[in-house]
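Below, each value reflects all heavy atoms present in this structure, side chains not excepted, and no hydrogens, waters or symmetry copies. Within every chain, numbering begins at 1; the chains are lettered A, B, ... in the order of the sequence lines, protein sequences first and strands thereafter.
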Number of protein chains: 2
Amino acid sequence: MMQEMSPDLIRTFAALSDPVRMATIARLAEGPAAVGELAEPFSLSPAGFSKHLQVLQAAGLVTKKLDGRRHICSLQPEPLKAAYDWLGFYQNFWSGTLDHLEAFLESDQGNQDSDKKTGL
Amino acid sequence: MMQEMSPDLIRTFAALSDPVRMATIARLAEGPAAVGELAEPFSLSPAGFSKHLQVLQAAGLVTKKLDGRRHICSLQPEPLKAAYDWLGFYQNFWSGTLDHLEAFLESDQGNQDSDKKTGL
DNA sequence: GATTTATTTCGCTAAATAGTTAAATATTCG
DNA sequence: CGAATATTTAACTATTTAGCGAAATAAATC
């Protein structure tokens with residue numbers, strides 16, 4: 001078995017690997033906001049912040065809608081969920097007494113959606 | 001309230017944002033392996049793969065122990081768990097009927113360690 | 001002890017990223 | 001319409017990252 005490692009997931013992790021972008025996501029989780037409001041906490045030029053926003057949009061983490069001359073940004077949950085699920089696969093690895101996933105992968109739980117060979 | 005965004009987390013997400021490194025983590029979840037074995041699936045020079053391993057080690061995701069001339073790599077769960085937990089904070093954002101976290105943040109659950117202003 | 005195997009470090013190049021300032025595009029307001 | 005506001009795009013520079021081949025280190029084997 002092998003976990004999916006889509007370009008989308010890669011882009012999501014890349015988008016998350018920056019403090020400005022992580023903080024922006026945290027802020028947007030509290031509700032939509034205009035670009036200027038989002039940029040305020042950072043000592044960045046507007047153009048510099050705009051680029052971070054582009055990275056977040058390219059990853060599908062943020063969408064924008066226009067409200068007059070302001071661009072209102074909203075957080076999109078799907079990519080976060082996908083990243084969460086990818087990492088969640090390794091839950092057994094860190095949460096249990098297992099040193100690695102072997103035991104899990106050979107368990108009923110680990111086999112339930114992969115090796116349905118019992119019926120063949 | 002504001003989620004923690006440590007340099008460690010940043011490094012973890014950066015380490016995850018590459019297909020070679022993601023696949024290597026997936027492989028290591030099945031159990032420890034030597035560098036050469038890990039490198040095999042990729043068309044990379046040994047030096048090239050070694051650098052990816054350095055990134056994973058710098059993020060604390062992989063540790064090595066020596067077995068003769070072979071370097072045995074093991075996956076370390078802590079950084080994965082930290083990333084999982086950071087993303088898990090937004091679970092309410094994607095899993096529920098909420099458009100954003102406001103409702104959660106104003107709930108008992110959301111208030112339990114943040115705005116204890118009821119007593120002021 | 002010379003050779004082979006496993007891996008890293010070094011020195012380099014090419015490409016991607018993060019930041020800047022200046023100019024461009026809309027939109028609102030007087 | 002002209003000035004101000006909000007934001008992006010363009011052009012550029014500096015830094016980081018990803019890759020390579022060659023050399024270095026270390027252990028195993030003959």
Is any side-chain heavy atom of F89(B) less than 4.5 Å from a side-chain heavy atom of D85(B)?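 They are not in contact (no side-chain heavy atoms under 4.5 Å apart), so the answer is no.
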
Heavy atoms, side chains only, cut-off 4.5 Å: are R27(A) and L38(A) in contact?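 Heavy-atom side-chain distance check passes, below 4.5 Å.
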
What integer distance in Å separates [X]:[atom1] from [N]:[atom2]?
{"X": "L66(A)", "N": "dT5(D)", "atom1": "CG", "atom2": "C1'", "result": "15 Å"}
{"X": "H71(A)", "N": "dT5(D)", "atom1": "NE2", "atom2": "P", "result": "16 Å"}
{"X": "L56(A)", "N": "dA18(C)", "atom1": "CG", "atom2": "P", "result": "11 Å"}
{"X": "F49(A)", "N": "dT7(D)", "atom1": "CZ", "atom2": "P", "result": "10 Å"}
{"X": "K51(A)", "N": "dT9(D)", "atom1": "NZ", "atom2": "P", "result": "11 Å"}
{"X": "R11(A)", "N": "dA16(C)", "atom1": "CZ", "atom2": "P", "result": "14 Å"}
{"X": "I72(A)", "N": "dT27(C)", "atom1": "CD1", "atom2": "P", "result": "14 Å"}
{"X": "L53(A)", "N": "dT8(D)", "atom1": "CG", "atom2": "P", "result": "6 Å"}

For the backbone of [Y] and the side chain of [X], can you confirm whether one donor and one acceptor N or O come within less than 3.5 Å of each other?
{"X": "R21(B)", "Y": "A14(B)", "answer": "yes"}
{"X": "T12(A)", "Y": "D8(A)", "answer": "yes"}
{"X": "T24(B)", "Y": "V20(B)", "answer": "yes"}

Taking only N and O in the side chain of [X], is any of them less than 4.0 Å away from OP1 or OP2 of [N]?
{"X": "K64(B)", "N": "dT8(C)", "answer": "yes"}
{"X": "S50(A)", "N": "dT8(D)", "answer": "yes"}
{"X": "Q54(B)", "N": "dT9(C)", "answer": "yes"}

With ring-ring contact (aromatic ring centres under 6.0 Å, His included) as the rule and sequence neighbours excluded, what pairs involving residues 51-79 of chain B come up?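 Of all non-adjacent pairs touching residues 51-79 of chain B, none passes ring-ring contact (aromatic ring centres under 6.0 Å, His included).
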
In residues 39-46 of chain B, what residues come within less than 4.0 Å of DNA chain C, judged by heavy atoms?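 Residues of residues 39-46 of chain B under 4.0 Å from DNA chain C: P46(B).
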
Within 6.0 angstrom of E78(A) CD, more than 12 heavy atoms from elsewhere: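 Yes - once you tally the heavy atoms of other residues, nucleotides and ligands closer than 6.0 Å, there are more than 12.
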
Under 6.0 Å from the CD atom of E37(A), do we count more than 12 heavy atoms belonging to anything else shown?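 Atom CD in E37(A) is packed in, count exceeds 12.
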
Side chain of H52(B) - closest among dA10(D), dG19(C), dG19(D):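 Of the options given, the side chain of H52(B) lies nearest dG19(D).
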
To the side chain of V55(B), which of dA18(D), dA18(C), dA6(C) is closest?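 Of the candidates, dA18(D) comes closest.
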
Name the residue closer to the 5' end of DNA chain C, choosing between A47(A) and A14(A) according to the nucleotide with the nearest heavy atom.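 The 5'-side residue here is A14(A).
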
Are L28(B) and I72(B) connected into the same hydrophobic cluster when the rule is that any two of I, L, V, M, F, W, Y join if their side-chain heavy atoms are below 4.5 Å apart?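 No, separate clusters.
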
With sugar-phosphate meaning primed atoms plus P, OP1 and OP2, does A34(B) contact a base, only sugar-phosphate, or nothing at under 4.0 Å between heavy atoms?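 Sugar-phosphate contact only.
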
Audit row: L80(B), L16(B), side chain to side chain contact (heavy atoms under 4.5 Å, CB included) steps and yes/no: CA-CA 9 Å; L80(B) 289 176; L16(B) 290 169; 4.3 Å; yes

At a cut-off of 3.5 Å, list every protein nitrogen or oxygen paired with a nitrogen or oxygen from nucleotides 28-30 of chain D, distance to 0.1 Å.
from    : atom 1 : to     : atom 2 : distance (Å)
dA28(D) : O4'    : R69(B) : NH1    : 3.4

